[in-house]
Amino acid sequence: MKDVLLHCCCAPCSSAILEWMLANDVRPTLFYCNPNIFPEEEYLIRKNEITRYAEKLGITIIDDDYNHEAWLCKIKGMENEPERGRRCLECFKIRLLRTAEKCKELGIAEFTTTLASSRWKSLDQINEAGAWAAEQVGGVTFDDRNWRKGGLQQRRNELLKENGFYNQLYCGCEFSIRKEKLEESVK
């Protein structure tokens, strides 16, 4: 059985990936590292949902420290970037660097991310950030698998309903909330 550290953003995005891993001799450890999520109540709702699901499956979950202020400092000047712009790439780098560091600390050779399951995110940016993070840390590798394929997107939707997961409507950062509200107000 292969050990993998799985950076997770939420229960819906993690569910089908976890199911696939467990069925394919992969032992995941979850790493909940999401300083981008705003407000903190949203962070806690998502954390509680993924923790509930991890416990149901008997999977270890590690919660990184929530430090939204540090995240804001690192993306300063990119607040008005569009979705899939420079801010998103920087956000992925921040989170996947922490994941690569935790991976090495735990003695796990490989990490991947549930971010690659979202059709709203750029796979190129995610893979760039993951490869960059692995290179920065050294001694770990990033699995750049496209978690949208192989029926996983459909299975995600089924598991969302089966488990009654809270399903958020934005990536988590306040800048995507603003964009959503602007789009709604124009309609």
*Approximate separation, where rounding is to 0.5 Å, of R27 CZ and L5 CG*: 13.0 Å
*Modelled atom types, side-chain donor and acceptor of T99 and H7, under 3.5 Å*: no
_Please determine whether side chain to side chain contact (heavy atoms under 4.5 Å, CB included) holds for the pair W71 and C173, giving the CA-CA distance in whole Å, both sets of side-chain angles, and the decisive distance to 0.1 Å._
CA-CA 10 Å; W71 180 83; C173 98; 3.7 Å; yes
*Does one hydrophobic cluster hold both F175 and I126, with members joined at side-chain heavy-atom distances below 4.5 Å?*
no
*asked:* Using 0.5 Å steps for rounding, measure from the CD atom of E49 to the OG atom of S15.
replied: 11.0 Å
*Which residue pairs pass the side-chain hydrogen bond (donor to acceptor under 3.5 Å, both in side chains) test when at least one of the two sits in residues 116-132, sequence neighbours left out?*
none
*What heavy-atom pair brings D64 and C33 nearest, and what distance separates the two atoms?*
OD2-SG, 3.3 Å
*Using links of under 4.5 Å between side-chain heavy atoms of ILVMFWY residues, direct or through other members, which residues join Y32 in one cluster?*
V4, L6, I17, L18, W20, M21, L22, V26, L30, I37, Y43, L44, I50, Y53, L57, I59, I61, Y66, W147, L152, L159, L160, F165
*Write down the atom of N36, the atom of C171, and the distance for their closest heavy-atom approach.*
ND2-O, 4.0 Å
*Does atom NZ of K74 have more than 12 heavy-atom neighbours from other groups under 6.0 Å away?*
no
*Short question: side chain of K104, backbone of V137 - any donor-acceptor pair under 3.5 Å?*
yes
*Residue pair A116 / R145: nearest heavy atoms and the distance that separates them*: CB-O, 3.6 Å
*Calculate, to the nearest 0.5 Å, the distance between atoms NZ and CG belonging to K102 and L96 respectively.*
15.0 Å
*Please confirm whether H68 and F38 have ring centers closer than 6.0 angstrom.*
yes
_I'd like to know whether CD of Q154 has more than 12 heavy-atom contacts from other residues, nucleotides or ligands below 6.0 angstrom._
no
*What is the distance from atom NZ of K161 to atom CZ of R156, rounded to the nearest 0.5 Å?*
10.5 Å
*asked:* salt bridge (Lys or Arg N to Asp or Glu O under 4.0 Å), that's the test. Do R98 and E101 meet it? Break it down for me.
replied: CA-CA 5 Å; R98 288 285 306 130; E101 291 167 345; 3.1 Å; yes
*Cluster link I94 to L72, ILVMFWY, side chain under 4.5 Å*: yes
*Could you please spell out the steps behind the side chain to side chain contact (heavy atoms under 4.5 Å, CB included) verdict for S176 and E83?*
CA-CA 7 Å; S176 69; E83 291 299 300; 3.3 Å; yes
*List the atom of A133, the atom of A100, and the distance in Å for their closest heavy-atom pair.*
O-CB, 3.8 Å
*Pairwise side-chain contact, D3 with E110, heavy-atom cut-off 4.5 Å (strictly under)*: no
*Atom of G130, atom of F111 and distance for their closest heavy-atom approach*: O-CZ, 3.6 Å
*Working to the nearest 0.5 Å, report the span between CD of E90 and CZ of R87.*
11.5 Å
*Take K47 and D63 through the salt bridge (Lys or Arg N to Asp or Glu O under 4.0 Å) test and state the conclusion after the steps.*
CA-CA 8 Å; K47 178 180 126 177; D63 181 21; 2.9 Å; yes
_Looking only at the side chains, is there a donor atom on one of N34 and R95 sitting less than 3.5 Å from an acceptor on the other?_
yes
*Just how far is it from atom CD of E81 to atom CD of E79, taken to the nearest 0.5 Å?*
9.5 Å
*Do K56 and N163 meet the criterion of a side-chain donor-acceptor pair at a distance under 3.5 Å?*
yes
*Please check if the side chain of T112 supplies one atom and the backbone of D143 the other of a donor-acceptor pair under 3.5 Å.*
yes
*For E19, what residues pass the side chain to side chain donor-acceptor pair (under 3.5 Å) criterion, not counting sequence neighbours?*
R155
*How far apart are the closest heavy atoms of F142 and A131, and which atoms are they?*
CD2-N, 3.9 Å
